[in-house]
Amino acid sequence: MAVAQTNAALVMQENSTDMTSHQVISLLLDGALERVAQAKKAIADGNDEDKLILLGKIKAIINGLRNSLNLQDGGDIADNLDALYEYMIGRINDASTIEEYAVVTEVGKLLTEVKVGWDELTPA
């Protein structure tokens, strides 16, 4: 499998001038979840080259989400998300070969929870 652009990235490119920040974050979460699914497949297939690329892309998206947080005005929610994103990056960084699939699955579940909560928010 060659690592292709995510559907979320394509949507962002096509609609970049018309998107709200809320929509951008939602698409970043979609993209991260797409990368999680791709990474799980690469791990299951023993494709170490794509796995490493995809884990790097997942971390980059999570770092992008983390950098978008307003820690000054975001209160406990921003602080909790910051800690959660830091935890996810740490889990990916610390994963051993044996537990990589479990780690990626865990990160995917956490990202799904964030995505569900984000999508339930009404943008200001």
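Expressed to the nearest 0.5 Å, how far NZ of K57 lies from CD of E34 amounts to 12.0 Å. Of the inter-residue distances, the one linking K40 atom NZ with L54 atom CG reads 13.0 Å to the nearest 0.5 angstrom. In this structure, the separation between CG on D82 and CD1 on I77 is 13.5 Å, given to the nearest 0.5 Å. How far CG of L84 is from CD of E113: 8.0 Å, rounded to the nearest 0.5 Å. Between the CZ atom in R66 and the NZ atom in K59 there is a gap of 13.0 Å [rounded to 0.5 Å]. To the nearest 0.5 Å, the span separating OH on Y85 from CG on L111 amounts to 7.5 Å.
Residues that satisfy the side chain to side chain donor-acceptor pair (under 3.5 Å) test with D73, not counting sequence neighbours, are N70. Considering only residues two or more places apart in sequence or on other chains, K115 meets the side chain to side chain donor-acceptor pair (under 3.5 Å) condition with S26, D30, D119.
Heavy-atom minimum distance, A95 versus V103: CB-CG2, 3.8 Å. Considering every non-hydrogen atom in both E106 and Y87, the closest pair reads OE2-OH, 2.5 Å. Closest non-hydrogen pair, A39 versus L55, comes out as CB-CD2, 4.4 Å. Taking both residues in full, the closest heavy atoms of L121 and H22 are given as O-NE2, 3.6 Å, listed atom of the first, atom of the second, then distance. The two residues L69 and A78 come nearest to each other via the heavy atoms CD1-O, 3.6 Å.
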Please assess I61 against L65 for the test side chain to side chain contact (heavy atoms under 4.5 Å, CB included), listing each intermediate value before the final yes or no. CA-CA 6 Å; I61 295 170; L65 290 164; 4.2 Å; yes
Determine, stepwise, if the pair Q23 / D18 fulfils side chain to side chain contact (heavy atoms under 4.5 Å, CB included). CA-CA 10 Å; Q23 291 169 319; D18 301 325; over 6 Å; no
Tell me, with the steps shown, if Q38 and K41 meet side chain to side chain contact (heavy atoms under 4.5 Å, CB included). CA-CA 5 Å; Q38 293 169 343; K41 181 171 179 4; 5.7 Å; no
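No more than 12 heavy atoms of other residues, nucleotides or ligands shown are found within 6.0 angstrom of CD on E49.
In the hydrophobic clustering of ILVMFWY residues, with side-chain heavy atoms under 4.5 Å counting as a link, L52 and I43 come out apart.
A side-chain contact (heavy atoms from CB on, under 4.5 Å) with I89 is found for exactly one of D94, I58, I62, namely I62.
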